[in-house]
Each structure stands twice: as C-alpha cells, then as structure tokens.
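Notes to accompany the following structure.
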Amino acid sequence: MEEFHKVRRLPPYVFEQVNRLKAAARARGADIVDLGMGNPDLPTPKAIVDKLCEVVRDPRTHRYSSSRGIPGLRRAQANYYARRFGVKLNPDTQIVATLGSKEGFANMAQAITAPGDVILCPNPTYPIHAFGFIMSGGVIRSLPAEPDDNFIPALERGMRHSIPKPLALILNYPSNPTALVASLDFYKDVVAFAKRHEIIILSDLAYSEIYFDDNPPPSVLEVPGAMDVAVEFTSMSKTFSMPGWRMGFAVGNERLIAALTRVKSYLDYGAFTPIQVAATAALNGDGSDIAEVRDIYHKRRDVMVDTFGRAGWNVPAPAATMFAWAPIPEPFRKLGSLEFSKLLIEKADVAVAPGIGFGEYGDDFVRIALVENEHRIRQAARNIKRFLASEAVSPDNVVTLTARR
Ligand SMILES: Cc1ncc(COP(=O)(O)O)c(C=O)c1O
C-alpha cells in the first residue's frame, strides 16, 4: 500500500540510524559518551521546579489553560525582550506562547503556507525549519548557512530564480548545527532585502542566551522596522534547561502572530497552567540561573576543544549554542558523516550527530553536543585519540558498516 501523502514527505530521521546503533552498543555493555542529540542534561533550576510544585496543588490550575499563553507569561516575555534587546512588544498582539519553539515554528508554517509556496531556508539547518514547511505543502530552496558577504547575493539569486516568488526566509542564528552567529548589521541588510521584496522573515533564536565570551547575539527585531516583516521564536528549553517542559514563544509581526494564534486556538489549550506560571517566574528571575547554565556550557566547550585537539581532531570553538560543528578528520571525510558517526560509536564509544541529518551541505561535518559533563567529554577525547591512532593510519582499510552488512 502506498504511504500517506504527508508521511511520504517525512523521510526517516537520519539520527534514528545512529540512535539504533547506540542502543545496540549499550545493550552489548559499551559505555557510550553521548554527544549526539541536543538534549540538555542539566536539571531545571530549583526555584522553577518549586514554583511548579506549589502551583500544581491548586485545583483551579487543572482546567484547560490559555492557548496563546496566560497574560502574565506574555508580559514576562515582553519584559525579557525589552530588557535584553531593547525591543518593545505588545503582549496582547505581538506575543504568543508555544509548546516549545518547535511546535510554534511548525504551526506557523501550517498557518501561512499555501501549496507550492517557496521558502528560502539555510542548509544545513535544524530539520523542522525545512520540514515544517514541507509538511504544510511548501517547497524549499536552500541558502548557504553562513551569515557572511555571500548571503545577500545568494538571497538575490534565490529570489530571482524562484517561481512563485518566495513567501518567507528562515534565519537561525546562533545556528543549530553550525553554531554561527549573525551580527546586527547582517540583520539590517536582510530586513532591508525582505522589505524590498515583500517576504516574511522567520527567525529562530532558540540559543539567545547560550553564548560565550560576553558576546550576546542580537535579535532581528532590534532592526528598526523589522516588526513589519519578521517573527522570532525563542525557547525556554536551553536557556533554563527546561526541554521537557515544552515552553517557547513567537513574537513580532501582528498579522503573523494572529495567524499562528488562530491555528493554535483550534489545536491546543496551551501548556498546563502550572508550567506557564513556573515559566513566568523563570523569565522574571534575576538572570543568575541563565549565567550558571552559560558558564557550564562554556567550560565544557573549552574542555572539548582542548582535549579533542590534543587527541588529533581540531574542532573550531563555537561562539554560541551548546554545539560544535566539527569537520570530519580528513582521512575519514570520504566516508560521509553518517558512516563516520557510526564508526565513532563502534570504535570509539562516542555518539555524535551526522551532519547529513541537517541537510546535504552538512555531510563533511558532524555535530558535537555539549550534553555530558567535563569528565565524560575528557573520556570521549581519550577514546577518540585511541581510535584515531589505530584507524587513521590506514583509513582506506575502514570497511563502512553498510558495506559490511
Ligand atoms: C535551532 C533550534 N530551534 C528549535 C529547537 C527546539 O526547541 P524547543 O524545545 O523549544 O522546541 C531546537 C532544539 O534543539 C533548536 O536547536
């Protein structure tokens, strides 16, 4: 029987293959250092958990909640944008709470896409950026992921050669998986372009607070007039180590926020009220929890770059996010990122995410997630050192796992 129309548009997650191999290795007793999935390992700060526990005891919070987010939560998000970016938002018309930013992004795609609409999307990128639109009937045209001098010319080519004219442009800085950060000048150029060509900007700012070296990434909404064309998504998953809580936001252009709010009003009743209240408390906090999380990722980054480098694998230090985007060591590059990732599990007991899972232009890289502690990262480096010393001397002898089957 033929697959369903939508399911055909969702190829099996590449990461599943790595996950299966990881599970099999663990079942054999291997101690895998898991730097694969971007699933934060840090506990949610105690004050946020305490607030949830306190509020959940009140039966009035057990009813359906508010799909767009309780007013206090939207006000807290408005205050965050004012404090952090100097951007003024109307909590009633320019902010909607989402069940994590992934849900918000996917439902925004559903809300605004007509069949065949063209979306300009970086490659490589976090999969929902493309698949949210593919599921909604859209068509993707890839853009380079680097926010450098080549970006606007690539955007111009994308605009000129797409029929119909593109509906929207996706930005994601700091980027998952490349960890690249955009400057405010870059956003100024892109906003001017979007206004000139009347296209929508959807900016994913999930890593707004996971940055290093005192260099906070800007918001596209800091550009004067960006509100005319842009919506931005933020997430509490990484900032407050709340990935399982499912809490995020879309903010910006009123027409786009209204479209997402309308679709969501048909689909959900919002997050559980105690989660929304606890999230409000988190956003209204003094920022010390965020600084602590940032510091932990910073230290892990430094340990990873240092120990992997000494093991023979030079990984550029990311300026932000909880990821490093690591070029596959030269002798192994021809294997491609999936086979190399499988090899690392089998021969080094280390799991990483293959770059191909983020798009065809990611295949020379793997993504290393800083989701294990410093001790475990050092362990991974020791394993990799041993692996590189044994295998790299004769990489031509490496039999890929698929070929072996
Ligand atoms: C760029 C990016 N956007 C969105 C998400 C999803 O975040 P959330 O947990 O808020 O859905 C992630 C999670 O890894 C991400 O890396």
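First listed ligand is number 1; within each ligand, the first listed atom is number 1.
- The aromatic rings of Phe133 and Phe105 sit perpendicular to each other, their planes meeting at more than 60°, with 30° as the lower class boundary.
- In this structure, Arg367 fails the cation-pi test against Phe358, since its NZ or CZ atom is not both closer than 6.0 Å to the six-membered ring centre and inside 45 degrees of the ring normal.
- Looking at atom 11 (O) of ligand 1, its nearest protein heavy atom turns out to be Arg246 NH2, 2.7 Å.
- Using a 30° and 60° split on the angle between ring planes, Tyr13 and Phe15 fall in the perpendicular class, above 60°.
- Numbered from 1 in the order shown, with element, the atoms of ligand 1 that lie under 4.0 Å from a heavy atom of Asn176 read 1 (C), 14 (O), 15 (C), 16 (O).
- At a 3.5 angstrom cut-off on N or O pairs, His129 does not count as close to ligand 1.
- Look at Lys334 and Asp364 and you find no salt bridge, because none of the NZ, NE, NH1 or NH2 atoms lies under 4.0 Å from a carboxylate O.
- Residue contact check for ligand 1: Tyr207 places a non-hydrogen atom closer than 4.0 Å to it.
- Under 4.0 angstrom from ligand 1, there are no non-hydrogen atoms of Met236.
- With Glu232 contributing its side chain and Val220 its backbone, the two residues share a donor-acceptor pair below 3.5 Å.
- For ligand 1, the atoms closer than 4.0 angstrom to any heavy atom of Asn172 are 1 (C).
- Residue contacts with ligand 1 do not include Gly248, since none of its heavy atoms lies under 4.0 Å from the ligand.
- Of the protein's heavy atoms, Tyr126 CZ, 3.4 Å lies nearest to atom 12 (C) of ligand 1.
- Residue Ile128 does not touch ligand 1, judged by heavy-atom distances below 4.0 Å.
- Taking the six-membered ring wherever Trp is involved, the centroid distance between the rings of Phe387 and Phe332 falls below 6.0 Å.
- Counting heavy atoms under 4.0 Å from ligand 1, residue Ser237 touches it through the side chain alone.
- For a threshold of 3.5 Å applied to N or O pairs, the pair formed by Glu103 and ligand 1 contains no separation below that value.
- Atom 7 (O) of ligand 1 has its closest protein heavy atom at Ser101 OG, 3.1 Å.
- An N or O contact shorter than 3.5 Å links Ser235 to ligand 1 by distance.
- Between Tyr361 and Trp325, the gap from one ring centroid to the other reaches at least 6.0 Å.
- Among protein heavy atoms, the minimum distance from atom 13 (C) of ligand 1 is reached at Lys238 NZ, 2.9 Å.
- In this structure, Arg75 does not pair ionically with Asp92, as no charged nitrogen and carboxylate oxygen lie closer than 4.0 Å.
- Ion pairing between Asp213 and Arg301 holds under the 4.0 Å rule for side-chain N and carboxylate O.
- Annotation for ligand 1: atoms under 4.0 Å from non-hydrogen atoms of Gly100 are 10 (O), 11 (O).
- The closest donor-acceptor contact from the side chain of Gln276 to the backbone of Ala271 lies under 3.5 Å.
- One option in Asp204, Asn39, Ile210 has a heavy atom closer to atom 1 (C) of ligand 1 than any other, and that option is Asp204.
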